[in-house]
Student: 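Please see the structure below; I have some questions.
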Protein chains: 4
Amino acid sequence: MQTLTADILPQTIRQRPADSYKGTYGHIVLIGGNQNFGGAIIMASTAAVYAGAGLVTTLTDPSNQGSLHARLPEAMFADYHDSDLLTSLVQGANVVVIGPGLGTDATALGVLKRVFGLVTAQQTLVVDGSALTMVATHDLNFPDVPLVLTPHQMEWQRVSGVKIADQTEAANRTVVDQLKATVVLKSHHTQIYTANATYENPLGTPAQATGGMGDTLAGMVGGFIAQFKPTDQAVLAAVYSHSAIAEELAQTQYVVLPHQIATALPTFMKQHAAK
Amino acid sequence: MQTLTADILPQTIRQRPADSYKGTYGHIVLIGGNQNFGGAIIMASTAAVYAGAGLVTTLTDPSNQGSLHARLPEAMFADYHDSDLLTSLVQGANVVVIGPGLGTDATALGVLKRVFGLVTAQQTLVVDGSALTMVATHDLNFPDVPLVLTPHQMEWQRVSGVKIADQTEAANRTVVDQLKATVVLKSHHTQIYTANATYENPLGTPAQATGGMGDTLAGMVGGFIAQFKPTDQAVLAAVYSHSAIAEELAQTQYVVLPHQIATALPTFMKQHAAK
Amino acid sequence: MQTLTADILPQTIRQRPADSYKGTYGHIVLIGGNQNFGGAIIMASTAAVYAGAGLVTTLTDPSNQGSLHARLPEAMFADYHDSDLLTSLVQGANVVVIGPGLGTDATALGVLKRVFGLVTAQQTLVVDGSALTMVATHDLNFPDVPLVLTPHQMEWQRVSGVKIADQTEAANRTVVDQLKATVVLKSHHTQIYTANATYENPLGTPAQATGGMGDTLAGMVGGFIAQFKPTDQAVLAAVYSHSAIAEELAQTQYVVLPHQIATALPTFMKQHAAK
Amino acid sequence: MQTLTADILPQTIRQRPADSYKGTYGHIVLIGGNQNFGGAIIMASTAAVYAGAGLVTTLTDPSNQGSLHARLPEAMFADYHDSDLLTSLVQGANVVVIGPGLGTDATALGVLKRVFGLVTAQQTLVVDGSALTMVATHDLNFPDVPLVLTPHQMEWQRVSGVKIADQTEAANRTVVDQLKATVVLKSHHTQIYTANATYENPLGTPAQATGGMGDTLAGMVGGFIAQFKPTDQAVLAAVYSHSAIAEELAQTQYVVLPHQIATALPTFMKQHAAK
């Protein structure tokens, strides 16, 4: 297992070409936020915007439209019950993030299945949170597309069948290779399994142990993938940045709020981008 | 009566263990905020989140969903009219705070009675504001669980039957012992009655004399209890922190806004946590 | 005509007594904000809260509930269509501000007439904006209570019958004495007519010439009256503070946003309060 | 083609006369923001307010009322489905901006046609975003009024019939002269075509390449036109300011958020206004 270092940042966060436009930086669609967990998809979308994604659309329950725009006018909104709109938005995206605050009811399952049926090999799909739980519960197959999973250890147990106590690198690797996915296994020291290697994130602070941190990370992962190649490197840089910002904030804060990590991104990324 | 000092802070606000996760810091449910007083439960919830509670769910009138998420995406939302959801959320919580902006109508009374019937000895219940008034008006019995009450003097008169002019330490102590509750009696110099001792808070500024201060304190009390043991010490540290932050802000402000106390918590707690 | 000076500030903004509570600083009710002009009553309410009023309730169209709490959880909300609630809230207030964003339709007129019928000599009524226009249009009589009017020159023309070109001190004084009101006549250099004297505000900057400044002033006037005696002095201090803050901000800003004046109040008032 | 310099700023951003009021700085109406793109009209309106426009009214879908006021209480709201209200507001405006987030459905088309039929030669009309697309798709004629278009290159292709690869100065000039419009052709180095000259903006940073930048520019263009004469100079100063602020922010940020440009306006304009 390799230990991530700050070197991943300038290797990944490129200097933007002068002659570029918003389309250069991807169209990311984030899907989640039912009537109870709207904050989750707002935090994920905020992270995607502040990471620099070119265009961001949030597919969520309509009860979240107002609070989304009140916090983040830069995001576009769509009602995830509207199948035609969902279809066209997913088809037009480079990156699809599904899961933050999605819940596990019939609506959520319907949305998840539809998205799994729509994405293609030209797109990257990030699956997070309750979407992972539903895959396990309903025995769904992940679509055969570039795939990133961001489970915490219990969600990974559900998806992989490997109990938390048995989640060794070897055991995880076997499942990762079967799934043909990049897996971000979130824990005290998050591990990232790519096709060719396994990495451990040495950073992380208990000040991050608060609801919404995972949603913010999922949005960052999506936002980095939308901009930076190859995908695995984008994932590594997102994970490292998330913890590095948290550690900086934890110098002066007992607890770090997830939305603070998102708003710190533009400055952090400028400091660590390739010169 | 003992006078609180800043020593209560490092004795209570522990250094977080490196290998911890959001579940380590409790799941707190806050119940209140009718169609008129939504701001109260938003302020209480904000205080709980910024104090560092691991997971925070706000049970309130649905008209407050949007403003809750617009201010605080970190909180989860539930409609307090949904009995099944209320039941499962209360049952899954470590700490329940009821009262801020709850009002006293039939809906509020129904919610209060239901919550009183659900909580168990494994949970801590914080009762604040109009919930206290309803206990007195409708002659309810507090449930036999770890209990914290946060009345101002008039609410205490209603609950205890002791008139404000007669609220001596001895008179209050008699009722406190009957109720088997920890009581935070809010006034110019707030008193805290625990099972074994009585404390006076020497801090406090008239710049705090503004609507919403009590709601913020109730949320802080809940957030501290969710993280720190024993409960009485958590309550003492929350009361002390609330006033200490207000005094700091009042150095440069004629009035201190309640939400400012919440947002100052992460930095204040870092400064005063155990090293 | 006397020219206001900064002396009015420490003469009016008292040091708060240590043993005080939110009730000491008044309950102010602000009424306005129809479906089109909700921002106006939000700005006025914000000014009242940040000026230090003890309790603030905003009576407005229900479509403004969410945005009010999203910006200002410290305010309580009530639907101004609810006559019973309006009645009890107005009866329980020390100060009533009516007009910001109220509009001039049938609902607005009904609310205005009801409020005029409810207020008593123990309360102070501040009449602003479209409420003044309706008084003129519908030939209403102001109630015989302590009364503060905050017209701009065109509104004063409507109420007083004195054309803008003819609004000399003498002409204004005649009407002011008939109305038995304190009148804040807003213009480049605002004039304040009290029962015994006339004052001119020497401050003011064209950076203030933007929609919402008057709404903010109305809220400040209400917030100062709720706390400081006598009423005329509170009005003078509010007018002076409003312009003094604007001038400070205009040192570095081409335009001053009305909400910025409200948020600057706590610090400004601390600097200029009696020592 | 002339290259814009910072000289355009003090030439345009005048010192405000001491004796002025909000009416001096124009009434601007911004029209856009359907149920999916509400953030766009919020960003445009924010830019108009922070640029210093005297009065700002936002005509949009009613689902955006709450988030508009939550972010920007200084703006007034109107439902763009209300034809009578739209008519009176457009007739009372000095400047009309149509397009940000308007979309291209039947409602949008109806609103666009109605506005085109209402504006007069005494007003300036700014046409942006999807409004430009609809002009091309439905073969509409622009009204014969002072006209500013703010297309990006693809929108200009649709409106002008000149393909992006063929958009030379000469080709563009021919169409501009036919349209009798001032055209802001947005690209890496934005070009501005007035009746008499063509300008290139030397500024701009790839940190600006994010959704919402154009909406913010449209609002700034409207806000500058409302205050500064002649119109062409106002447009040039708005374009230059937009990029200059972005470049400043990009010194320390990897990506610049559109709303940050708006909130930086008051300070930027003060620094560069005529002394």
Side-chain angles (χ1 to χ4, degrees), chain B residues 33-47 60-72 100-101 103 105 152-154 164 186-190 203-216 219 249-262, chain C residues 9 13-28 45-46 48-59 62-79 82 85 89 223-224 226-227 241 262-274:
Chain B
N34 63 14
Q35 287 189 27
N36 296 116
F37 307 135
I41 200 68
I42 293 173
M43 287 186 282
S45 302
T46 302
T60 183
D61 188 85
S63 63
N64 299 316
Q65 181 187 345
S67 48
L68 175 70
H69 285 326
R71 289 195 74 87
L72 191 70
D105 67 5
H152 55 56
Q153 291 173 297
M154 177 54 70
I164 294 180
K186 297 180 287 192
S187 67
H188 170 38
H189 287 308
T190 292
L203 306 183
T205 157
Q208 284 174 277
T210 189
M213 272 296 163
D215 306 310
T216 296
L249 293 171
Q251 297 295 318
T252 56
Q253 296 183 198
Y254 185 76
V255 63
V256 174
L257 282 301
H259 79 265
Q260 295 179 314
I261 295 198
Chain C
L9 302 176
I13 305 173
R14 60 176 166 159
Q15 208 177 353
R16 288 184 162 197
D19 192 358
S20 59
Y21 70 108
K22 60 190 174 190
T24 312
Y25 304 109
H27 188 171
I28 175 169
S45 302
T46 302
V49 166
Y50 282 76
L55 287 166
V56 175
T57 299
T58 304
L59 280 145
S63 63
N64 299 316
Q65 181 186 347
S67 48
L68 175 69
H69 285 326
R71 289 195 74 87
L72 191 70
E74 285 85 0
M76 295 170 281
F77 159 81
D79 180 351
D82 182 337
L85 190 52
L89 284 165
F224 274 54
Q227 298 173 76
S241 296
T263 49
L265 272 168
T267 304
F268 179 87
M269 290 172 74
K270 177 72 177 185
Q271 290 166 342
H272 297 282

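For clarity, every value in this text was computed on a predicted model and none was experimentally measured. Note on naming: letters A, B, ... go to the chains in the order of the sequence lines (proteins, then strands), and numbering restarts at 1 for each one. Reckoned from all heavy atoms, side chains included, excluding hydrogens, waters and symmetry mates.
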Student: Among C/Gly54, C/Pro73, C/Ala53, which has the most heavy-atom pairs under 4.5 Å with chain B?
Tutor: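 Among the listed options, the one with the most contacts to chain B is C/Pro73.
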
Student: B/Thr210, B/Val255, B/Asn36: which one forms the most heavy-atom pairs within less than 4.5 Å of chain C?
Tutor: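 Winner by heavy-atom pair count: B/Asn36.
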
Student: Looking at chain C, which one of B/Leu257, B/Thr216, B/Leu68 has the largest number of heavy-atom pairs inside 4.5 Å, strictly under?
Tutor: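 Looking at each of B/Leu257, B/Thr216, B/Leu68 in turn, B/Leu257 comes out on top.
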
Student: So which part of C/Tyr50 gets closer than 4.5 Å to some heavy atom of chain B, the side chain, the backbone, both or neither?
Tutor: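 Backbone plus side chain of C/Tyr50, per the 4.5 Å heavy-atom cut-off to chain B.
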
Student: Answer whether the closest heavy-atom distance between the side chains of B/Asn64 and C/Gln65 falls below 4.5 Å.
Tutor: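 With C-beta onward as the side chain, the pair touches.
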
Student: Taking side chain as everything from C-beta outward and backbone as N, CA, C, O, which of these in C/Tyr25 sits under 4.5 Å from a heavy atom of chain B? Side chain, backbone, both or neither.
Tutor: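 Only the side chain of C/Tyr25 comes within 4.5 Å of chain B.
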
Student: So which residue, C/Arg16, C/His27, C/Gln15, C/Gln271, ends up with the most heavy-atom pairs under 4.5 Å with chain B?
Tutor: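 Top count of heavy-atom pairs under 4.5 Å with chain B: C/Arg16.
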
Student: CG/C/Leu72 to CD1/B/Ile42 distance, rounded to the nearest 0.5 angstrom?
Tutor: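 C/Leu72 CG to B/Ile42 CD1: 10.5 Å, rounded to 0.5 Å.
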
Student: Closest heavy-atom contact between C/Pro17 and B/Pro206?
Tutor: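 For C/Pro17 and B/Pro206, the tightest heavy-atom pair comes out as O-CB, 3.3 Å.
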
Student: Taking C/Glu74 for the side chain and B/Met43 for the main chain, is one N or O donor matched with an acceptor at less than 3.5 Å?
Tutor: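 No, because the side chain of C/Glu74 does not come within donor-acceptor range (under 3.5 Å) of the backbone of B/Met43.
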
Student: Is C/Ala18 in contact with chain B via its backbone, its side chain, both, or neither, using a 4.5 Å heavy-atom distance?
Tutor: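 Contact with chain B involves both backbone and side-chain atoms of C/Ala18.
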
Student: How close do B/Arg71 and C/His69 get, counting heavy atoms only, and between which atoms?
Tutor: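 Closest approach of B/Arg71 to C/His69: CD-O, 3.4 Å.
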
Student: Are C/His272 and B/Tyr254 packed together at the side-chain level, in the sense that at least one heavy-atom pair is separated by less than 4.5 angstrom?
Tutor: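 Answer no - side chains too far apart.
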
Student: Specify which of B/Lys186, B/Gln251, B/Gln35, B/Gln253 makes the most heavy-atom pairs with chain C at under 4.5 Å.
Tutor: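 Of the candidates given, the most pairs with chain C belong to B/Gln253.
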
Student: Between B/Gly212, B/Gly211, B/Ala40, which residue shows the highest count of heavy-atom pairs closer than 4.5 Å to chain C?
Tutor: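 Sorted descending by pairs with chain C, the first entry is B/Gly211.
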
Student: For B/Ala70, is it the side chain, the backbone, both, or neither that has a heavy atom closer than 4.5 Å to a heavy atom of chain C?
Tutor: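 It is the side chain, since no backbone atom gets that close.
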
